[in-house]
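Chain naming here is simple, since letters A, B, ... match the order of the sequence lines and numbering starts at 1 in each.
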Amino acid sequence: MIYVSSHNIISSLGFTSYENLKNIRNRISGIKLSEDTELSPEAVFISLVSYDEIEKKFSEISKKREKYTKYEKLLILSVSDAIKGSKIDIKKDDTVFIVSTTKGNINLLEKSKKDIFPVDRLKLWKSSEIAADFFGKKDNVLTISNACISGSLAVIVAQRLINSGRYKNAVVVGADILSEFTLSGFLAFKAVSEGVCKPFDRNRTGMTPGEGAATIILTSEKSLSDNSGIVISGGSTSNDANHISGPSRTGKELAIAVKNALKESNLKPDEIEFISGHGTATPYNDETESLALELAGLQNAPLTGIKGYIGHTFGAAGIAETVIACEALKNNEIYGTAGFEKTGVSGKINIQKEYKRTKLKTALKTASGFGGCNAVLISEKEKKIIKTAEESETNLVIIRKTVISDNKITVNNKEVYVYSENEKDFSGFAKSVYKHYKIKYPKFYKADNLSKLGFLAAEILLKDTSVLLNYKSEDIAVILSNESSSLDTDFKYQKTIDDRENYFPSPSVFVYTLANIVIGEICIRHKIKGENTVFISEKFDKSFIFDYVKTLFATGKAKACIVGRLNYGFPDGNYYAELYLTENKI
Amino acid sequence: MESLIEKLKEQIIDALNLEDTDPSEIETDEPLFGEGLGLDSIDALELIVLLEKNYGIRTENPKEGQKIFYSVKTMAEYIKKHQK
């Protein structure tokens, strides 16, 4: 059993879970119209954490304010508050520290901030290390960057790592800050709400970007729990394999994740009593979520979306919304959905408009994001049957290996292609590989370097194998390790907004500014709909990644997997792909 | 109009990364978002940027896009009408 030990939420509504909950109960939203032209040339409704408050709170715990960025301060403040309420030892090797973020220190790319911190602070693994080090933690630090499911996914990964016996405790923290980068991108996507966002409402026009942090501390020891009796009992992810930015038309894939999570928790759909929804309030996302929930048989469970209170806090969102689910169970209460008036989705679901008190034992959390990813997480109170996930036999077999680097491609360590040009030129190399293998997929040219690399590596890995045909699309996973996330493309996108006289944020560049879009591209190309995750780390920890895949096999979450390292280096432009096609042969 | 149409085709190929596509392959009157070019919603957003960047025309309502971007011809007509 995985118990909740402590938690925290930092948002426009306050610096503790309690302050946030108090405002949410009273239907108070922290979203305001911002006319700060440094953030955005046009006025926009967003949810900001007071910068003065961050500085003030941080000076209470550290004398070295100038050593940390705003993003790192949010991570540290959130963990500091959560750890106060927990008996776990964060420094011990049986505690894993997991950071979830979409963009980390992305504002350091801005011209005005460039020289304040060294360039490696843009690396997501680096900022995670800095935050962990604040607590004296040097090892066992993980970073997950998987678009808007990052937070939920980080909790799921924590649950799995504890269940598999690798760790006893997990500190899971997520954060993202609002910057010109993120705001301009979503505005160019025409995805931002005209006013405060209206989840699931008939008149919704888009999302409200937010910033913040959230932490949940989990433990396998009941004596280290918060005594609420609340446990994380199941979780699952899936991929739409439909489009890199638009959600599935049917919601089938999110419904698959719901089904798999319910199976792990040993629950039937009608036993779910509360849903902490994703509810971004974009026209398409809410529609798909409603279809998925109806398909999964969750039409009666009261559903609350909290993005009308604190906006979409990206890397923090999934954790904050998991905390909301756990607090709902603890306090026997369901929160109202701010911004929602009249149903504007076609799936039959039970959207909760007002706050109410009711006995609760089970809650489910949904999340979806760019790259077609979905995640579902289940929390329960007073779970009677003590039943860890059924571990079945595993026998991970590597069927094929592909490596791409330095103008060369190998399959099973045999050279299969060498680019004759000597110079380092990835785009020339990629194009020649595309032509050499006679690939017909015009969208290839639209992809960024990381996605092109992953696309080609997967194409060559799967060439002439029929392995994937032996499995259902939902039983095939894609698990990647990466170092520079999407920084090569982030840098290119930043150039489109650096100059206000020549300010043309490009949506087609922005969409690739996430580490997991490449998974979306691979899934679309090969119709793969199973588990998907991007771990960010400085080095390729092959044994960790393969152990994680074994956990997926052992718990029936996947039967085959494309796994490995995929990186487009920043700022050096060195590319490296090492992908394995694996299956569970029993 | 003819020269605008030709220029527009080149700009579309460039903005949407339609490598391996020749301007002559884009039919002036055919639907841009039909089968041929395989364009999607992100391309539609990028066309909005193209109009702003190259012609100084801002389209606030993305729903307008469906009509404007129906074909290269409708795009050219829209530019003629709105360009200052």
Trainee: Are more than 12 heavy atoms from other residues, nucleotides or ligands located less than 6.0 Å from atom OH of B/Tyr70?
Mentor: no
Trainee: Tell me, yes or no, whether the heavy-atom count around B/Phe33 atom CZ, taken from other residues, nucleotides or ligands under 6.0 Å, exceeds 12.
Mentor: yes
Trainee: Hey, could you give me the OH/CD1 distance between A/Tyr445 and B/Ile13, rounded to the nearest 0.5 Å?
Mentor: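 With rounding to 0.5 Å, OH (A/Tyr445) is 13.5 Å from CD1 (B/Ile13).
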Trainee: Take atom CD in B/Glu52; do more than 12 heavy atoms of anything else shown fall under 6.0 Å from it?
Mentor: yes
Trainee: Among the options B/Leu37, B/Thr21, B/Leu16, B/Leu39, pick out the one with the most heavy-atom pairs lying under 4.5 Å from chain A.
Mentor: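 Looking at each of B/Leu37, B/Thr21, B/Leu16, B/Leu39 in turn, B/Leu16 comes out on top.
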Trainee: From A/Ile244 CD1 over to B/Asp40 CG, what is the distance, rounded to the nearest 0.5 angstrom?
Mentor: 7.0 Å
Trainee: State, yes or no, whether a side-chain contact exists between B/Lys53 and A/Thr496 at a heavy-atom distance under 4.5 Å.
Mentor: no
Trainee: Considering only NZ, NE, NH1 and NH2 on the basic side and carboxylate oxygens on the acidic side, decide whether A/Lys431 and B/Glu19 come within less than 4.0 Å.
Mentor: yes
Trainee: Just verifying a value: how many Å separate B/Asp43 CG and A/Ser508 OG, rounded to the nearest 0.5 Å?
Mentor: 7.5 Å
Trainee: State plainly whether the residues B/Asp20 and A/Lys435 are in salt-bridge range, i.e. N to O under 4.0 Å.
Mentor: yes
Trainee: Find out whether A/Lys446 and B/Ile42 are in side-chain contact, i.e. whether some heavy atom of one side chain is under 4.5 Å from a heavy atom of the other.
Mentor: no
Trainee: Please report the closest heavy-atom contact between A/Lys443 and B/Gly38, naming both atoms and the distance.
Mentor: CE-O, 3.7 Å
Trainee: For chain B, which residues from residues 179-194 of chain A have at least one heavy atom closer than 4.5 Å to it?
Mentor: A/Ala188, A/Phe189, A/Lys190
Trainee: Against chain A, label B/Leu18 side chain, backbone, both or neither, depending on which of its atoms sit under 4.5 Å from a heavy atom there.
Mentor: side chain
Trainee: Where is the tightest heavy-atom contact between B/Val49 and A/Pro505, given as atom of each residue plus distance?
Mentor: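 Smallest interatomic distance, heavy atoms only, reads CG2-O, 3.6 Å.
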